[in-house]
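Only heavy atoms go into these numbers, but all of them, side chains included; no hydrogens, no water, no symmetry mates.
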2 protein chains.
Amino acid sequence: MATAKTQDFTDDEIFLADIAKALSHPARIKIMKLLSEMNACMCGELVNLLPLAQATVSQHLKELKRVGLIQGDIDGPKVCYCVNVEMLFKVTKDFQNYFNNLNKGEKISCKTKKK
Amino acid sequence: MATAKTQDFTDDEIFLADIAKALSHPARIKIMKLLSEMNACMCGELVNLLPLAQATVSQHLKELKRVGLIQGDIDGPKVCYCVNVEMLFKVTKDFQNYFNNLNKGEKISCKTKKK
DNA sequence: TCACATTATCGTATATTTACGATGAACGAT
DNA sequence: ATCGTTCATCGTAAATATACGATAATGTGA
């Protein structure tokens, strides 16, 4: 029982974790790719391109929408999904930053450090 | 019922999703940061730096170890954790690639495309 | 050998995620 | 108005994740 525990996590940590969660399923990784390649895409097209039922795809889209990575515009009876460019840019930048900082470590192996 | 559904997901998609899952909790985002900053770190130190019980921290470390982002070397009764540099490098590269490709889209808004 | 320190694992409770069929809501076309 | 299409939501089942106390395992040092 050395020192007191730190409080909660920072907003930054929570944000990165939340985005990672949104991307933590192959279907959602793929949906982002598909939406980017096709620029914009009806929900039904996505259903055909994924090995999942319509209801399940809808759920995955909802999760991506939740964190703002995509948006869906209603177009008559259909819904046209596309990547949210601003958000994608921020996420790209933030993760690049995060990983770059991780890579900055001096790469001392555990054995080398050894107290 | 247009065309047949695609098969499974690619190894690449599964890999990215799995790494994202490993990073989908603020504690694990923070652990990576801490290990990088301190170069290497005893498990006990991490417990003090996180608002979580020892058993819970151990679980989070296990998840990061599962995907190979960190490794733990036994040092007497202690365990010295550090970032797996090779894996971190691969992950950094792969995610950079993924995001860069996403950003390549022509950014046609749904309304602009409109059939 | 006997405590002590350190960490993983077990057991368990609760919450979240994933998946799907069924249903409902909104719209276009007839 | 009714029908078919498109998509979200509901209900639900099964799996996974998160958290913690308790316990086991391992090594240090007295």
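To the nearest angstrom, P of D:dT16 lies 15 Å from CZ of B:R28. The interatomic distance linking B:H60 (NE2) with D:dT16 (C1') rounds to 14 Å, in whole Å. Put simply, NE2 on A:H25 is 12 Å from C1' on D:dT16, counting in whole angstrom units. For the pair A:D8 CG and D:dA19 C1', the interatomic distance rounds to 14 Å; values are reported in whole Å. Protein atom CD1 of B:I31 is 11 Å distant from nucleotide atom P of D:dT18, rounded to whole Å. Atom-to-atom, CG of A:L61 to P of D:dT6 comes out at 16 Å; the value is rounded to the nearest Å.
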Extract all donor-acceptor atom pairs below 3.5 Å that involve side chains of residues 9-26 of chain A and protein atoms in other chains or at least two apart in sequence.
| from | atom 1 | to | atom 2 | distance (Å) |
| --- | --- | --- | --- | --- |
| A:T10 | OG1 | A:E13 | N | 3.1 |
| A:T10 | OG1 | A:E13 | OE1 | 3.3 |
| A:E13 | OE1 | A:T10 | N | 2.9 |
| A:E13 | OE2 | B:K33 | NZ | 3.2 |
| A:D18 | OD1 | A:R66 | NH1 | 3.4 |
| A:D18 | OD1 | A:R66 | NH2 | 3.0 |
| A:D18 | OD2 | A:R66 | NH1 | 3.1 |
| A:S24 | OG | A:K21 | O | 2.7 |
| A:H25 | ND1 | A:A27 | N | 3.0 |

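You'll find the side chain of B:F95 stays beyond 4.5 Å of the side chain of A:F95, heavy atoms only. Contact annotation: the side chain of B:V47 approaches that of B:V57 to within less than 4.5 Å [non-hydrogen atoms, C-beta and beyond]. You'll find the side chain of A:C82 stays beyond 4.5 Å of the side chain of A:L35, heavy atoms only. Side-chain contact between B:V79 and B:D73 is absent, with no heavy atoms from C-beta onward closer than 4.5 Å.
The outermost nucleotides of DNA chain C lying under 4.0 Å from heavy atoms of chain A, listed 5' to 3', are C:dT17 to C:dG28.
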Summary of protein contacts for nucleotides 20-28 of chain D, nucleotide by nucleotide, where a base hit scores B, a sugar-phosphate-only hit scores S (4.0 Å, heavy atoms): BBB----SS
Verdict with reasoning, A:N103 to B:T92, per side-chain hydrogen bond (donor to acceptor under 3.5 Å, both in side chains): CA-CA 9 Å; A:N103 280 296; B:T92 301; 3.0 Å; yes
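A donor-acceptor contact shorter than 3.5 Å is absent between the side chain of B:Y98 and the backbone of B:K93. Looking at A:D75, its side chain never comes within 3.5 Å of a backbone N or O of A:K78 through a donor-acceptor pair.
OP1 or OP2 of D:dA17 has at least one side-chain nitrogen or oxygen of B:K21 nearer than 4.0 Å.
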